[in-house]
Amino acid sequence: MAETTNPQDFGNQRLVLVCVDAPERQAVIRAALDQLGFTMYAAKTAEDAAERLRRDTFEVAIVDEQFQGGSALDSEVLQALQMMPMSTRRYMFVTLLGRTYKTFDNMMAFSRSVNVVVNLNDLPHLPAILRKGITENNEFYRIFREMLSEVGKR
């Protein structure tokens with residue numbers, strides 16, 4: 001599985017930023033993303049992820065709550081996502097992976113400023129989870145995005 005690392009290599013592909021340390025989880029995520037037609041960029045560090053968020057346009061971000069030894073409460077990646085301008089952030093679907101979350105717990109997702117939380121035990125179901133979550137998110141923000149386009153913000 002070759003990993004794309006240069007932004008110019010991405011072209012017009014649908015990009016996903018993946019912040020997961022465990023290689024076996026990365027393999028499951030890569031297979032799910034391939035099935036959905038996405039291109040995965042696996043960040044090596046939180047700084048790498050933050051830099052990529054500034055430079056590239058990602059449709060999805062998948063963050064393990066313990067990426068680089070952190071937690072959901074002090075994650076540098078989640079902080080970088082929260083600092084993005086709303087007109088950019090609302091075009092990205094953020095998934096937070098954790099050991100104690102109940103998949104699709106909307107209150108937990110809201111409290112962590114992400115679109116969906118996924119229990120690690122549900123990773124084999126990631127294609128269906130992402131399909132459902134992204135579809136619902138796109139419908140929810142459809143009017144907002146149309147308005148941003150009309151005023152020239154996107």
Q: What distance do N119 atom CG and L97 atom CG have between them, rounded to the nearest 0.5 Å?
A: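 Rounded to the nearest 0.5 Å, the CG-CG separation comes out at 9.5 Å.
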Q: From T57 OG1 over to R52 CZ, what is the distance, rounded to the nearest 0.5 angstrom?
A: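 Going from OG1 on T57 over to CZ on R52, the span is 12.0 Å.
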Q: Return yes if some donor-acceptor pair links the side-chain N/O of R30 with the main-chain N/O of L33 below 3.5 Å, else return no.
A: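 No: the side chain of R30 does not pair with the backbone of L33.
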Q: To the nearest 0.5 Å, tell me how far I134 CD1 sits from F38 CZ.
A: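 I134 atom CD1 to F38 atom CZ measures 4.0 Å (nearest 0.5 Å).
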Q: Do you know which two heavy atoms are closest between G69 and D21, and how far apart they sit?
A: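 Shortest heavy-atom separation between G69 and D21 comes out as N-OD2, 4.3 Å.
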Q: Look at the side chain of Q26 and the backbone N and O of V20, then say whether any donor-acceptor pair between them is shorter than 3.5 Å.
A: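 A pair under 3.5 Å: yes.
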Q: Which residues satisfy the side-chain hydrogen bond (donor to acceptor under 3.5 Å, both in side chains) test with E51, sequence neighbours excluded?
A: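 For E51 the side-chain hydrogen bond (donor to acceptor under 3.5 Å, both in side chains) partners, ignoring immediate neighbours, are R54.
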Q: Calculate, to the nearest 0.5 Å, the distance between atoms CG and CZ belonging to D64 and R99 respectively.
A: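 Atom-to-atom, D64:CG and R99:CZ are 4.5 Å apart.
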Q: To the nearest 0.5 Å, how far apart are OG1 in T103 and NE2 in H125?
A: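 So the gap between those two atoms works out to 8.5 Å.
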Q: What closest approach, in Å, do L130 and F93 show between heavy atoms, and which atom pair accounts for it?
A: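 What the structure gives for the nearest pair is CD2-CE2, 4.0 Å.
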Q: Please give me the minimum heavy-atom distance between D48 and A42, naming the atom from each residue.
A: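 Shortest heavy-atom separation between D48 and A42 comes out as OD2-O, 4.4 Å.
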Q: Considering the options T95, N106, N137, which one meets the side-chain hydrogen bond (donor to acceptor under 3.5 Å, both in side chains) requirement together with N115?
A: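 It is N137, the one option of T95, N106, N137 that forms the side-chain hydrogen bond (donor to acceptor under 3.5 Å, both in side chains) with N115.
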Q: If you compare all heavy atoms of V114 against all heavy atoms of R89, which two are closest, and at what distance to 0.1 Å?
A: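 It is CA-NH2, 3.9 Å.
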Q: Check side-chain hydrogen bond (donor to acceptor under 3.5 Å, both in side chains) between R131 and all other residues, then give those that pass, not counting sequence neighbours.
A: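 In terms of side-chain hydrogen bond (donor to acceptor under 3.5 Å, both in side chains), with neighbours along the sequence ignored, R131 is linked to no residue.
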Q: Sequence neighbours excluded, which residues qualify as side-chain hydrogen bond (donor to acceptor under 3.5 Å, both in side chains) partners of N138?
A: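 Result, side-chain hydrogen bond (donor to acceptor under 3.5 Å, both in side chains) vs N138: R145.
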Q: Nearest 0.5 angstrom please: Y41 OH to L53 CG, how far?
A: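 Rounded to the nearest 0.5 Å, the OH-CG separation comes out at 10.5 Å.
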Q: If every non-hydrogen atom of S75 is compared with every non-hydrogen atom of V63, which pair is closest and at what distance?
A: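 Result for this residue pair: OG-CG1, 4.3 Å.
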Q: Checking R112 now: which residues fulfil salt bridge (charged side-chain N to carboxylate O under 4.0 Å, His left out) with it, not counting sequence neighbours?
A: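 Expected list: none.
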Q: Applying salt bridge (charged side-chain N to carboxylate O under 4.0 Å, His left out), name anything that partners E139, two or more places apart in sequence or on another chain.
A: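 For E139, the residues satisfying salt bridge (charged side-chain N to carboxylate O under 4.0 Å, His left out) (neighbours in sequence not counted) are R142.
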Q: Is it the case that Y101 and D122 place a side-chain donor and acceptor less than 3.5 Å from each other?
A: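 Y101 vs D122: no donor-acceptor pair found between side chains.
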Q: How close do Q82 and S113 get, counting heavy atoms only, and between which atoms?
A: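 Scanning both residues completely, I find the closest heavy atoms to be NE2-CB, 3.4 Å.
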Q: Please list, chain by chain and in numerical order, all residues satisfying side-chain hydrogen bond (donor to acceptor under 3.5 Å, both in side chains) with E59, sequence neighbours excluded.
A: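 Scan of E59 (side-chain hydrogen bond (donor to acceptor under 3.5 Å, both in side chains), adjacent residues dropped) gives R14.
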